[in-house]
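Since the structure comes first, as structure tokens, the remarks are kept for the end.
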Amino acid sequence: MAKHAVLSSGSKMWRSLACAKSELSLDLTLACGQSFRWRETAEGHWTGVMGGRIWTLTQTGDILWYHVYKNHEQNREVGGSDRKRRAGVSLQMENKSEKRIKGALKKEEEEPVALTSVQDTEEEEEMLRDYFQLNVKLLDLYNEWGVADPHFKCIADIFTGVRMLRQDPTECLFSFICTSNNHISRIQGMVERLCQALGAPLCQLDETSYYNFPSLSALADNSVEACLRDLGFGYRARFLQQSAKQILDTHGLQWLEGLRSVPYLLARDALRTLPGVGTKVADCVCLMSLDKAEAVPIDTHVWQIAKRDYNYASGNGQKSITAKLHRDIGDFFRKLWGPYAGWAQSVLFCADLKKFQKLKEMPHLKRPKKEENDEEELRVACKKTKIKREENGTVKKMKTKSAHHKKAKTSE
DNA sequence: CGGGGACCTCG
DNA sequence: GAGGTCCCC
């Protein structure tokens with residue numbers, strides 16, 4: 001059986017890319033709630049599906065290592081289908097062809113290992129550069145945000161390399177429709193089940209099967225709502241199916257991607273016409289898949305941050321986030337951080353996640369250099385934040401079997 | 001523009 | 001209640 005790649009074992013072919021830790025932290029970026037599709041399959045090794053292929057990524061020093069699983073260990077069709085995948089059309093595999101391909105795979109296992117062509121190598125490096133948006137110089141942005149915002153600077157020394165992914169718009173939209181009234185760990189399970197149920201299978205590594213994200217047409221099928229309700233999606237099941245259907249019926253396959261070249265506010269309004277997509281979800285999709293770096297997704301959590309760390313006072317009487325509050329808080333952060341405000345916000349958001357709180361307590365030994373004496377001031381700001389977090393901070397161990405989504409329906 | 005309630009499930 | 005959205009008033 002095919003296994004997950006591990007760099008130290010040397011049993012797989014790895015390629016590398018020069019990429020400073022300050023430009024990218026895989027551990028933070030892939031686990032902070034942008035994408036729900038990456039898992040840490042070995043220490044510091046992240047495995048997930050991107051662009052129709054399965055990847056394992058890891059970092060040593062200032063090198064980003066990546067392994068792409070090839071045909072001999074993956075049900076990847078060759079030739080024409082690849083082109084379609086690149087265009088964002090994930091193929092829906094029918095039962096018949098699935099069996100046929102699995103049969104074919106059996107034979108292939110005895111064949112010599114498929115070699116990676118030069119084109120594949122160049123293409124895959126480009127896919128990674130695009131996905132992580134490595135052309136954007138994160139360190140420069142951190143410096144600019146730090147100058148404008150002392151609180152950011154304090155957080156930034158610990159939470160370096162938090163970078164915005166450039167996700168597939170379909171995956172991003174339908175994943176974030178699942179996020180309403182929800183938390184990361186549950187969303188991860190839901191997205192996994194979504195792919196399992198409706199996405200094309202790719203291959204199995206160790207005990208884990210990998211799937212493409214479902215195509216729009218798969219999501220639009222009338223049977224989808226009932227199917228997803230059975231899988232525990234609740235009221236979101238209808239949103240997902242209806243949104244997919246609405247996109248296909250009234251706009252077409254390329255519509256979402258086309259929003260990349262539309263101004264932020266227009267794209268956001270366009271998304272908001274879809275069922276299950278309000279301001280917050282639309283902002284997430286804009287920021288994380290449609291190249292709108294100025295989009296700042298505002299939820300209750302970000303509102304807390306604004307109040308706690310920035311003395312943000314307006315809307316104090318409100319019980320929930322009103323439309324006006326959305327605008328005002330977004331404008332507040334855009335004014336503070338500039339055109340990449342959404343990227344900056346994701347750093348603070350990451351720093352507030354419970355699972356990363358331990359990073360704040362560890363003495364960070366390798367601080368770049370002794371700065372001037374405004375350090376003292378920053379420490380105070382840091383400490384203030386830390387204390388607040390510790391108040392409600394029992395760290396829970398999550399050790400649930402993932403197969404338990406068969407919910408035992410207790411009558412209420 | 002803002003308040004209030006429903007919507008699903010899980011911890 | 002949770003990292004919301006829809007619908008009605």
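The basis for the numbers below is simple: all heavy atoms, side chains too, and nothing from hydrogens, waters or symmetry mates. Every chain is numbered from 1, with letters handed out A, B, ... down the list of sequences.
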Interatomic distance where CD belongs to A:Q188 and C1' belongs to B:dC10 [whole Å]: 15 Å
A:Q318 vs B:dG3: side-chain N/O to OP1/OP2 distance below 4.0 Å: yes
Validation row, ring centre A:F239 to ring centre A:F233 under 6.0 Å: no
Phosphate OP1/OP2 of B:dG4 contacted by A:K319 side-chain N/O (<4.0 Å): yes
For atom CZ of A:R236 and atom P of C:dT5, their distance in whole Å: 11 Å
Touch class at under 4.0 angstrom, heavy-atom based, for A:S320 against every strand present: nothing
Whole-Å distance separating the NZ atom of A:K354 from the P atom of C:dG3: 9 Å
Whole-Å gap separating P (B:dC10) and CG (A:L231): 11 Å
Spacing of A:H301 atom NE2 relative to C:dA2 atom P, expressed in whole Å: 11 Å
Sugar-phosphate only, base, or nothing, as touched by A:P297 at under 4.0 Å among non-hydrogen atoms: nothing
Distance-only donor-acceptor check, side chains A:Y131 and A:D168, under 3.5 Å: no
Plane angle bin for A:H251 and A:W255 - parallel if under 30°, tilted between 30 and 60°, otherwise perpendicular: parallel
Test: A:K324 and A:D328 ion pair at under 4.0 Å: yes
Of the listed nucleotides B:dG2, C:dG4, C:dA2, the one nearest the side chain of A:H183: C:dA2
Pairing partner of C:dG4 (Watson-Crick or G-U wobble, both distances under 3.5 Å): B:dC7
Geometric class of the A:W14/A:H67 ring pair [parallel <30°, tilted 30-60°, perpendicular >60°]: tilted
Crowding at OH, A:Y340 (>12 non-hydrogen neighbours, <6.0 Å): no
Length of the line joining A:F356:CZ and C:dG3:P, which is rounded to integer Å: 15 Å
Sugar-phosphate, base or nothing in reach of A:V302, heavy atoms under 4.0 Å: nothing
B:dC10 and C:dC6, which share atom name P, separated by this distance in whole Å: 23 Å
Phosphate OP1/OP2 of B:dC8 contacted by A:R229 side-chain N/O (<4.0 Å): yes
Paired nucleotide for C:dC9 [Watson-Crick or G-U wobble; both distances under 3.5 Å]: B:dG2
Phosphate-side-chain proximity, A:T300 and C:dG4, N/O vs OP1/OP2 below 4.0 Å: yes
Interatomic distance where CZ belongs to A:F239 and P belongs to B:dT9 [whole Å]: 14 Å
Axial cation check for A:W303 ring with A:K307, 6.0 Å and 45° limits: yes
Touch class at under 4.0 angstrom, heavy-atom based, for A:L274 against every strand present: sugar-phosphate
Toward the 5' end of DNA chain C, by each residue's nearest nucleotide, A:Q34 or A:G276: A:Q34
Touch class at under 4.0 angstrom, heavy-atom based, for A:C32 against every strand present: base
Rounded distance (Å) that lies between atom C1' of B:dC10 and atom CD1 of A:I184: 16 Å
Sugar-phosphate, base or nothing in reach of A:F349, heavy atoms under 4.0 Å: base
Aromatic contact, A:F159 with A:Y142 (centres under 6.0 Å): no
Close residues, residues 321-335 of chain A, relative to DNA chain C [heavy-atom separation under 4.0 Å]: none
